[in-house]
Amino acid sequence: MTERFGSYQNELYLQGLGGQLPPCSTDATKLEASAREVMAPGPFSYVAGSAGSGATARANREAFDRWRVVPRMLTGATDRDLSTTVLGTRLAAPVAVAPVGVQSIVHPDAESATARAAASTGLPFILSTASSTGIEDVAEANGDGPRWFQLYWPGDADVCASLLARAKAAGYTALVVTLDTWTLAWRPSDLDQSYLPFLQGEGLAVPFTDPVFRSRLEKTPEEDRGTAILTWIGMITGTDRTWDQLPFLREHWDGPIVLKGIQHVADARRAAEAGMDGIVVSNHGGRQVDGAIGALEALPGIVAAVGDRLEVLFDSGVRTGADVLKAIALGARAVLVGRPWVYGLAHAGEDGVRHVLRSLLADFDLTMGLSGHRTLADLGPDSLQRT
Ligand SMILES: Cc1cc2nc3c(=O)[nH]c(=O)nc-3n(C[C@H](O)[C@H](O)[C@H](O)COP(=O)(O)O)c2cc1C
Ligand SMILES: CCCCCCC(=O)C(=O)O
């Protein structure tokens, strides 16, 4: 499979000749500033914000900056193939759309717009349990596109089993279990505005459409929204989870299972010992533990420890094509991208998401070629230098 993602560059130049500009910047680092202009203050802070002082979010970017690409010449990298297989899904490039909840606070078309944009770009869409659009509705919007389901693991086993069965039936092929957000971190930017989307009823389509969850309520969510919201929040934040509980997920999910939020080598080893198919090395984009290491700092050690036993995916701070290249060179099988496309959604719905994703892929494709790499297999520690 050879995709010429870099040709988006020509498309943008040609559109410019016709007087048409892109829906938002092609530079992901500029998108946050312009998103502030088009988003309401609460939703903007929720998306852009991070835990505590923001030290972890900054560390994510600094970690990327410490690694530099060392370009090679005359390698025949004009005709590139960036394709790969991740969690059993054949992909034209090693990039996935990270699970992001409550997209209705960003744009009325919410997850359906993002799922359509992901499908048209050929990247996997990962549906959050905190989605404002239901499992089946998103599957319909995503059509033939690849899709995975992210689980916030509810304490009620039957509710959990029901969500997993629905996701499976709706064509989600891999399960991404997020471990790092069993309660929300101290997030000053949200607290200063007393803004939490869930308490305002956003983002609960997944449980609210679930028959087993509904059976746990005395009144339906339509009749008593407040109680339904609090019941759900209690279910996903109120249960201690430990490594010995993972077999439950295996019993209820027959596809690949990935643990998201791994940062310590010892946890990566435990995931491998538990028979998981993969992990996502991630600090949740700096939204959970303030003062944590930049996620990329954890990647090489984890790949060295378990890379031969499970698939190591990566997220937190990916903004450019060079970032994708660096993470893959350090051993990631694929990267997940979060905030940049959320800002694209805020600017222009589905078109905005597509533009951000295509820009990232074009940047990655051109950076691969210009640094002498024809395929992902050409990337390795040799491609980089730590400064
Ligand atoms: C607004 C927002 C909502 C998020 N919601 C979820 C979620 O529901 N489930 C989840 O596993 N991760 C969630 N994440 C974390 C992302 O999946 C991802 O780990 C993170 O955004 C990656 O960092 P980046 O934004 O720097 O790319 C969310 C992130 C943001 C910014
Ligand atoms: C207590 C779980 C709510 C999670 C909400 C979405 C999310 O992951 C975030 O970072 O915000």
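Order of listing sets the numbers, starting from 1, for every ligand and every atom in it. The first residue in the sequence is number 1, and the count goes up from there.
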If you count the atoms of ligand 1 from 1 in the order shown, which ones are under 4.0 Å from a heavy atom of [X]?
| X | result |
| --- | --- |
| Y46 | 1 (C) |
| S282 | 19 (O) |
| A98 | 17 (O) |
| D315 | 18 (C), 19 (O), 22 (C) |

Charged tip of R147 within 45° of F125 ring normal and under 6.0 Å: no
Ring-face cation of R241 near W182 (centre distance under 6.0 Å, axis angle within 45°):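 No - R241 does not lie over the ring of W182 by the 6.0 Å and 45° rule.
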Out of curiosity, [X] [atom1] to [Y] [atom2], how far, rounded to the nearest 0.5 Å?
| X | Y | atom1 | atom2 | result |
| --- | --- | --- | --- | --- |
| I279 | I257 | CD1 | CD1 | 14.5 Å |
| K260 | L151 | NZ | CG | 12.0 Å |
| K326 | R386 | NZ | CZ | 11.0 Å |
| D81 | L376 | CG | CG | 7.5 Å |
| R358 | L12 | CZ | CG | 7.5 Å |

Which residue and heavy atom of the protein sit nearest [atom], plus the separation:
| atom | result |
| --- | --- |
| atom 11 (O) of ligand 1 | T178 OG1, 2.7 Å |
| atom 5 (N) of ligand 1 | G101 N, 3.1 Å |
| atom 23 (O) of ligand 1 | G285 CA, 3.2 Å |
| atom 8 (O) of ligand 1 | S128 OG, 2.6 Å |

Short side-chain donor-acceptor distance under 3.5 Å, R68 and T387: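 Side-chain D/A pair, T387 to R68: absent.
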Donor-acceptor side-chain pairing of R187 and S45 below 3.5 angstrom: no
Starting from the N and O atoms of ligand 2, collect every protein N/O partner closer than 3.5 Å and put each pair on its own line with the distance to 0.1 Å.
residue, atom, partner, partner atom, Å
ligand 2, 8 (O), Y152, OH, 2.6
ligand 2, 8 (O), H284, NE2, 2.8
ligand 2, 10 (O), R187, NH2, 2.9
ligand 2, 10 (O), H284, NE2, 2.8
ligand 2, 10 (O), R287, NE, 2.8
ligand 2, 11 (O), Y46, OH, 2.4
ligand 2, 11 (O), R187, NH1, 2.8
ligand 2, 11 (O), R287, NH2, 3.0

Steps toward side chain to side chain donor-acceptor pair (under 3.5 Å) verdict (Q103, S132): CA-CA 6 Å; Q103 294 179 34; S132 38; over 6 Å; no
Contact (N/O only, under 3.5 Å) between G338 and ligand 1: yes
N or O contact, R339 vs ligand 1, cut-off under 3.5 Å: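 Yes - when backbone and side-chain N and O of R339 are compared with those of ligand 1, one distance drops under 3.5 Å.
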Should the proximity of [X] to ligand 1, defined as any heavy atom under 4.0 Å, be assigned to the side chain, the backbone, both, or neither?
| X | answer |
| --- | --- |
| V100 | both |
| Q150 | side chain |
| P99 | both |

Per atom 29 (C) of ligand 1, closest listed option by heavy atom (K260, R287, R319, H284):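 Nearest option to atom 29 (C) of ligand 1, by heavy atoms: R287.
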Where at least one partner belongs to residues 291-341, residue pairs that pass ring-ring contact (aromatic ring centres under 6.0 Å, His included), sequence neighbours excluded: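 For residues 291-341, and leaving out neighbouring residues, the ring-ring contact (aromatic ring centres under 6.0 Å, His included) pairs sorted by first residue read F64-F314.
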For Q150 against T178, the heavy-atom pair lying closest together: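 Q150 and T178 have their closest heavy atoms at NE2-OG1, 3.0 Å.
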Parallel, tilted or perpendicular: rings of F213 and F208 (30°, 60°):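 Ring orientation, 0 to 90° scale: parallel.
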